[in-house]
Amino acid sequence: MTPAALSRSRALGWAAWLAAAILILALPWPAFARTPADRVIRVEGRRFEYAPGTVAVNMGDRVTLELVATDVVHGLHLDGYNLTLTAEPGQTARLTFVADRPGTFRFRCSTTCGPLHPFMIGQLTVGTNDFFWRAAGLIGLAALAAVWGLRR
Amino acid sequence: MTPIHLELTQPPAVRAALKNRWPQWLAQAGLLAGFVFTILIGLFGPAAGNANFAVIAVWIAWWTALKLVFIPLGGRAWCSLCPIPLPGEWLQRGALLGPASRGWGLGRVWPRRLRGAWLQVAGFALIGLFSAVILTEPRVTGWVLLGLIALAVVASLVFERRAFCRYLCPIGGFTGLYARLAPLALRVKDPAVCAAHTEKLCYTGCGAGYGCPWGNFPAAVRDNAYCGLCFECLRSCPRDNLAVSLRPFGQDVVARAGARLDEAWLALLMLGSVLVYTAVFLGPWGWLKTAAYSVGSPAWLGYAAGFGLINLGLLPALFLLAVWAGQKLSGSRRSLRAAFAGQARTLAPLGLAAWVAFTIAFAFVKFPLVWAVFADPLGLGWNLLGYSADTAWPDVSAFSRLAQAAVLALGMYGAARVAVRTADRVRAALPVIGFCLAATLGLLWLLIG
Ligand code: SF4
Ligand SMILES: [Cu+2]
């Protein structure tokens, strides 16, 4: 190949790569519509974990989150939804919200409860965690681009 | 294609500012004062980790800045400011500022058997075993910092040059490994000038600057790993033959020559460590956190055994398997040992990206704490910086996971490129690329799965 043809094929390759990356990140994905339900989810907070540590609901569910603190005061702050709950020991705190944002979100203790408090973390998945699969696709695409870009 | 190369020390003002000892000295001395303060607050300040200046300033602010800014952009740029070797170096040199006639210390040569990165492998693994305690207990953080500075003083008094930085500092192994990727580099401008210069004042030292504290001969430096950017060579060279330049990312890792087995182990340990840390600190498994924290208990022994097994057994074995498969696939004649060390260069971009992604996930949500402890460094209820616990913080989680995915993709791209470049043929690189892909996807799952 002449240098000009080579650089043209490279430019084309990169354009194709970019298009694929955007496609992977932004392609609308059919979500399986489920009838939204009312759900009560009870999470026990103890030093330094939530039980259960992972919670899954469907898109559109009306979720009532119950936090029970079994030893000391614990909080629960849900990323993405920006909700906070605080439960005194032995008591139950409640909060209801509509799970209208899909994905996986971390929830963290929001009241200092001991040395490992900063790492008291759980996760809530709403619907399917599309973003994980999209990110995985992007990473695979990056590996392909590297190998393709250096092929001889 | 000529690689882009921009000499930063071309402007006389920049060169003069680096040759002058004062700017760097003032920065280091200021940081030393901060370091002493941090040790004191760690030892005597608030007992709760997330209210203690030492824990937050070191493990959130500094540790984040090191991984997100200093290393990716400046390589060992932190080392040029680091206060830890300073007191020992002052004693060793017998001078606070300029080259003096005589210092103290025995000036021994570092033992040959202890060369290489093995002690740093051990140090980093040791930190891993105690990380949950170091990270959360201000007293322990204080003692660790004090221990590091004491060790640096002893090393300076017994051995010549910066033995501590080069062979002992556990952070140094980490920094050096990933510094290779950075665009910033200090190198000689024209090797021919050096070849003709018989005195080699950059190594021996002279009235204008000390001989390389890292024991390098600048004309032979090809890679950022062991250059601490102390700028002594820039000062001592009478021919002005040194330059700080910017170049493309990742230049030092694609070289096939000079790959070492100890560095391969270091790279594997660091990759494994970030996987374990992510599971321990950001995962939903409380029992794992408690096990990592309860030093000395049976659960902790289990954690320690698991940590060792994963990082020094399982991961190296899988990597070796990938390298071996690549050799078989391509019919390469390279020895397995050389291929293992050479292909381990792949782990530099992969590992740095992993650490950056972990740091983004870990630190972004904690920044309010940094503000809080800087507003009240002594833990006396002050509020110097107008901190308020009620401030509504923007929710960074969406941005943070996008950034994590982007960084991991970039790391995978870099790793695959290095894998192809360091293998004999593309085919020999494929199993290693598979290893990297698995490690990256595993981390992605731990982070946002
Ligand atoms: S002093 Fe300068 S010219 Fe002489 S060997 Fe060192 S870098 Fe080269
Ligand atoms: Cu808690």
Side-chain angles (χ1 to χ4, degrees), chain A residues 3 7 17 21 24-25 44-55 77-83 101 103-108 110 112-125 129 131-152, chain B residues 48-51 55 60 132-133 135-137 280-290 292-293 361-362 365-366 369 392-393 395-398 400-402 404-406 408-421 425-426 429-430 433-434 436-437 440-441 444-445 447-449:
Chain A
S7 74
W17 188 88
I24 283 186
L25 285 179
E44 236 173 65
R46 54 172 174 251
R47 302 168 81 200
F48 300 96
E49 67 178 338
Y50 294 102
T54 51
V55 175
H77 176 89
L78 179 58
D79 284 0
Y81 283 81
N82 227 347
L83 302 169
R101 308 176 97 195
T104 292
F105 304 92
R106 295 283 189 269
F107 47 88
R108 319 158 187 278
S110 51
T112 304
C113 58
L116 294 181
H117 153 73
F119 309 113
M120 182 167 165
I121 293 173
Q123 65 193 51
L124 168 80
T125 300
N129 186 8
F131 184 73
F132 170 77
W133 297 106
R134 292 175 193 272
L138 188 70
I139 289 168
L141 207 58
L144 277 181
V147 177
W148 180 85
L150 289 174
R151 84 203 185 290
R152 263 158 290 204
Chain B
N50 57 348
V55 166
I60 309 277
V133 176
L135 227 54
T136 54
E137 295 288 352
V280 171
F281 294 119
L282 302 181
W285 306 290
W287 57 269
L288 191 57
K289 297 174 211 282
T290 314
Y293 180 79
F362 173 76
V365 292
K366 306 266 182 228
L369 287 176
W393 290 91
D395 185 13
V396 289
S397 56
S400 153
R401 61 180 192 169
L402 194 64
Q404 291 165 48
L408 288 180
L410 208 65
M412 187 62 231
Y413 175 77
R417 273 185 82 90
V418 177
V420 172
R421 295 273 203 95
R425 297 162 63 188
V426 175
L430 292 180
I433 293 176
C436 294
L437 199 58
T440 304
L441 293 179
L444 183 76
W445 178 76
L447 286 170
I448 64 171

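Below, chains carry the letters A, B, ... as their sequence lines are ordered, and counting in each starts from 1. All values below were derived from every heavy atom in this structure, side-chain atoms included, with hydrogens, water molecules and symmetry-related copies excluded. Model, not experiment: these values are computed from the prediction.
Residue A/R108 touches chain B through its side chain alone, counting heavy-atom pairs closer than 4.5 Å. Contacts of A/R106 with chain B are made by side-chain atoms alone, with heavy-atom separations under 4.5 Å and no backbone atom involved. Heavy atoms closer than 4.5 Å to chain A are found in the side chain of B/L437, but not in its backbone. With a 4.5 Å cut-off on non-hydrogen atoms, A/N129 touches chain B through its side chain but not through its backbone. Within the 4.5 angstrom heavy-atom criterion, no atom of B/V133 approaches chain A.
Considering only heavy-atom pairs separated by less than 4.5 Å from chain A, the leading option among B/V55, B/V418, B/L447 is B/L447. Interface remark: of the candidates A/P118, A/P115, A/A21, A/A135, A/P115 forms the most heavy-atom pairs closer than 4.5 Å to chain B. For chain A, the option among B/V396, B/L410, B/L402 with the highest count of heavy-atom pairs below 4.5 Å is B/L402. Interface remark: of the candidates B/W287, B/W285, B/Y293, B/Y293 forms the most heavy-atom pairs closer than 4.5 Å to chain A. Of the residues considered (B/G414, B/A292, B/S397), B/S397 shows the highest number of contacts with chain A, using heavy-atom pairs under 4.5 Å. Ranked by non-hydrogen atom pairs under 4.5 Å with chain B, the options A/T54, A/T112, A/T125 are led by A/T112. When each of A/G103, A/G114, A/G80, A/G140 is scored by its heavy-atom pairs under 4.5 Å with chain B, the top score falls to A/G80.
We find the NZ-CZ distance between B/K289 and A/F48 to be 10.5 Å, quoted to the nearest 0.5 Å. The CZ atom of A/R134 lies 11.5 Å from the CD1 atom of B/I448; values are rounded to the nearest 0.5 Å. Here A/T104 contributes atom OG1 and B/W445 contributes atom CH2; the two are 10.5 Å apart, rounded to the nearest 0.5 Å. Put simply, CZ on A/R47 and OG1 on B/T290 are 9.5 Å apart, with the number rounded to the nearest 0.5 Å.
Between A/F107 and A/Y50, the ring planes are perpendicular. Angles over 60° get that label, and only those under 30° would be called parallel.
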Task: side chain to side chain contact (heavy atoms under 4.5 Å, CB included) between B/M412 and B/I433, worked out - done: CA-CA 8 Å; B/M412 187 62 231; B/I433 293 176; 3.8 Å; yes
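The shortest heavy-atom contact between A/I139 and B/A405 is CG1-O, 4.5 Å.
No donor-acceptor distance shorter than 3.5 angstrom exists from the side chain of A/E49 to the backbone of B/L288, with no hydrogens or angles considered.
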